[in-house]
Amino acid sequence: MADKLLGLYIHVPFCIRKCAYCDFYSVPYNPDAMTAYARALAAQIRRAKPYAHGRKADTVYFGGGTPSLLSESDAALIISALRETFDITRDAEITLETNPGTVNSASLSAFHSAGVNRLSIGMQSASDAELKLLSRIHTREDFENTYLLARMEGFDNISFDIMYALPWQSEERLAYTVSYALELSPEHISFYGLKLEMGTPFGINPEIAAHIPDEDTQVAMYTKSAESFERRGYKQYEISNFAKAGRESRHNLKYWRSMDFLGFGPGAHSFIDGRLFSYKKDIKLFLGTENDTILTEQSNTPTKSELETQYVMMAFRTSYGVDTDDWGKRFGGNFALKYYKKMKPFIDKGFIIQGDGSFRLSREGMLVSNYILSEILDFN
Ligand code: SF4
């Protein structure tokens, strides 16, 4: 059954330098530690075979951190462990998050030969001043070179990550980044607003907080950029994601549709057969597990109501919204009967759109999705 196809997530928590806004779990890169890590990952992957119950996997996602720092041999080791352990479909989407400046023709060619067929490149901005402010390791030129090399090495499915609502960012400067990205014509664009996370250099700097664009400007930035993407043939299929026809991220859709996936690496989560697993955010612990299994160390079985809440929150992120048939099969009962009264004020205001067998957020609804969800799901 198609909905039983698994997604596989591989976390590679090494970075050359910490970006000023980032609170993801990562450690400083060094090649020896990376090789030891690849071995530990391969061992963990092999030990996870029983969780698949013979199911096929149709997506693999290397995220980070900076997985594009993997050497060719380390990447090959991990990919062969995946192929030996899981029945990966011939048309599987295999994505590598790629930081500009960390790859060259040879490494891109090796990733491509190993089966990677989609790159998600961390562009973030077309302004060198903004990239410097974010403490990114690359310039706009590094980004463009990475992109062009990837095209030359045969990658025909490329996504760009772009950030907006940066400190001191004007609408004009963002518009320049957006039009620059569109000229390069990637297949997919992820478009995220900067969030100030406590414990990061940005999060503790009042001057940064004071220069984040105000709420009205952020709404204008989001709306105008989304319209630019759509004018150029990108369909919005999730609050922060836009794709050309058929180029949606199949892997990320698994998260938003509450489908099963297995994640490997410190901090990685799994959701399979209604159970959640996660690894501790501790690379030393992970490196000590070559002969041990820690996938089940922290696990819990969410209640039906927790699963339902998670399902509704995730589904409303997408332009497909809640599929009421699917919801009924999973949780029993009638979605519309259960939630209609609470959704009605938002339907009347045009924030929720009722379709044939679905309820979804309009673009205006997506702008206030947290508020709408908190009202519908009784978070108050
Ligand atoms: S490269 Fe990515 S994961 Fe690493 S510090 Fe920067 S934003 Fe965080």
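One-based numbering, in listed order, for ligands and for the atoms of each.
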*Heavy-atom side-chain proximity of His138 to Thr146 below 4.5 angstrom*: no
Please tell me whether [X] and [Y] have a donor and an acceptor in their side chains that are separated by less than 3.5 angstrom.
{"X": "Tyr180", "Y": "Arg140", "result": "yes"}
{"X": "Thr139", "Y": "Lys132", "result": "no"}
{"X": "Tyr51", "Y": "His53", "result": "no"}
{"X": "Asp326", "Y": "Tyr311", "result": "yes"}

*Nearest neighbour in protein (non-hydrogen) for atom 7 (S) of ligand 1*: Tyr21 OH, 3.5 Å
*Sole candidate of Arg118, Lys244, Arg151 that passes salt bridge (Lys or Arg N to Asp or Glu O under 4.0 Å) when paired with Glu187*: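 By the salt bridge (Lys or Arg N to Asp or Glu O under 4.0 Å) criterion, Glu187 pairs with just one of Arg118, Lys244, Arg151: Arg151.
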_Close approach, Arg136 and ligand 1, non-hydrogen under 4.0 angstrom_ = yes
*asked:* Distances under 2.8 Å only: what protein N/O/S atoms are near atom 4 (Fe) of ligand 1, ordered by chain and residue?
replied: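 Sorted hits: Cys15 SG.
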*Do you know which two heavy atoms are closest between Trp168 and Ile208, and how far apart they sit?*
CZ3-CD1, 3.9 Å
